[in-house]
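Down below is the structure, laid out as structure tokens.
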Amino acid sequence: MGFGCSVTVLLVFCLWGVLISVSDSTRLGSSRQKLEVNKHLNRLNKAPIKTIESPDGDIIDCVPISKQPAFDHPFLKDHKIQMRPNFHPEGLFEENKFDENKAKSSTPINQLWHANGMCSEGTIPIRRTKEEDVLRASSVKRYGRKKHRSIPKPRSADPDLVNQSGHQHAIAYVEGEKFYGAKATINVWEPKIQQTNEFSLSQLWVLGGSFGQDLNSIEAGWQVSPDLYGDNNTRLFTYWTSDAYQATGCYNLLCSGFIQVSSNIAMGASISPISSYRDSQYDISILIWKDPKEGHWWMQFGNDGTVMGYWPSFLFSYLAESATMIEWGGEVVNSEPDGQHTSTQMGSGHFPEEGFGKASYFRNIQVVDSSNNLKAPKDLGTYTEYHNCYDVQTGSNGDWGHFFYYGGPGKNPNCQ
Ligand SMILES: *[C@@H]1O[C@H](CO)[C@@H](O)[C@H](O)[C@H]1NC(C)=O
Ligand SMILES: *[C@@H]1O[C@H](CO)[C@@H](O)[C@H](O)[C@H]1NC(C)=O
């Protein structure tokens, strides 16, 4: 099948070659682009042994675990895949000890495509990239990558940077120690996006290094991003970079890097159910930690603790050792359509003051220390560029440990 495919592809390439040589210069550009897009799709989409159509229009390919995009990386040619971590962080609020499932989310969070099938052991589910996905990006090279540095830098003394990037945040953070992981249970919503080139996400950041050109970052959470996915669904995502979003890294499995072992959860796939205002609340748990033995950064998703896979240590410089800062919270892009602040929502679209059932939250936020223990964050700071647009409020109690409410509506009488 692989051989047949490449013969077809070659033929198509040849035909395009003919087309290009006879067409005028304006056609040339678009043909070249099409060729480039198709080459990229061929690189990204691996031959599946089974395909599942999701109700939201996604195609999920079940790809043999050894054929996933990570293994296109030259450094991973001889990598022996690790099917499970050697160590798992331990601590106070671990799943079994804390009644997370009995909290407000007795319905387990699911992915929409599960309605139409599952991938078998030994394969991993990969959201297929379609031509229109790549065409929505500014260029083939930029597809699946963040546009530029958008990391919230607490206490930034550079207001120009804040205004230039258009990215706005409402976050809690810790710094000043060595961290080996982070955890949070994140309320799931579907914020409204005003413009397709904007997004709204809620995530945690595991950061290494200073905020320079070589910043290392591992990120995971949920996002609504019309440009990236072509719809307004809330999706699970990850991101990584080892040079402040310049040349390395990407979302999900859209480049070589993350090694997935889970056959259940697809990166970039829609999650459900979604919380409703003054009604049912749902949340997802995400844990990222560094395996003390091999040094890889592992990720676990869901209230049942599905181990998703890992970022190999060699992808990073600073994070090869440890993280220097952890951030949790929301981010939106304010593209200032019509010169006014965007009405793109963060979290539930409501301010923290409204509290449970109305405002979005992160609860049981914890960090992993050098002894591989989960513990409460010390000296939790908060940061937001314009608290009249999106805000954050921290607290702690016996049930939720350290938590915060965050988010907002964007444009409103106090935020124009
Ligand atoms: C951003 O720009 C606006 C208008 O140019 C200005 O009023 C505002 O103070 C700036 N914000 C910051 C944080 O510098
Ligand atoms: C996404 O939401 C915007 C408004 O928030 C709407 O205009 C657009 O049609 C929606 N897109 C899809 C694919 O549903």
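Residue numbers start at 1 and run along the sequence shown. Indexing begins at 1, ligand by ligand and atom by atom, following the structure's order.
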Flag if over 12 foreign heavy atoms under 6.0 Å of CD, Gln340:
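Correct, the count exceeds 12.
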Closer than 4.0 Å and a protein heavy atom, does any atom meet both conditions relative to atom 7 (O) of ligand 2?
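Protein heavy atom within 4.0 Å of atom 7 (O) of ligand 2: absent.
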Under 4.0 Å from atom 14 (O) of ligand 2, do we find at least one protein heavy atom?
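Protein heavy atom within 4.0 Å of atom 14 (O) of ligand 2: present.
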Quick test: of every protein heavy atom, which one is nearest to atom 5 (O) of ligand 2, and how far off is it to 0.1 Å?
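The closest one turns out to be Ile193 O, 3.0 Å.
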Pairing of Lys411 and Asp338 as salt bridge, 4.0 angstrom limit:
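No.
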Side-chain donor-acceptor pair present, Glu198, His167, cut-off under 3.5 Å
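No, no side-chain donor-acceptor pair sits under 3.5 Å.
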Polar side chain donor-acceptor pair, Asp291 to Trp289, under 3.5 angstrom:
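No, because no side-chain N or O of Asp291 sits under 3.5 Å from a partner of the opposite role on Trp289.
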So is there a nitrogen or oxygen of Gly230 less than 3.5 Å from a nitrogen or oxygen in ligand 2?
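No.
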Under 3.5 Å: N/O of Asn232 near N/O of ligand 2:
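Min N/O separation from ligand 2 is below 3.5 Å for Asn232.
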Relative to ligand 2, is Thr196 under 4.0 angstrom through side chain, backbone, both or neither, heavy atoms considered?
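Looking at Thr196 and ligand 2, no heavy atom falls under 4.0 Å.
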Which pairs, with at least one residue in residues 227-236 and sequence neighbours excluded, count as a salt bridge (Lys or Arg N to Asp or Glu O under 4.0 Å)?
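Listed by first then second residue: Asp56-Arg235, Asp58-Arg235, Asp231-Arg235.
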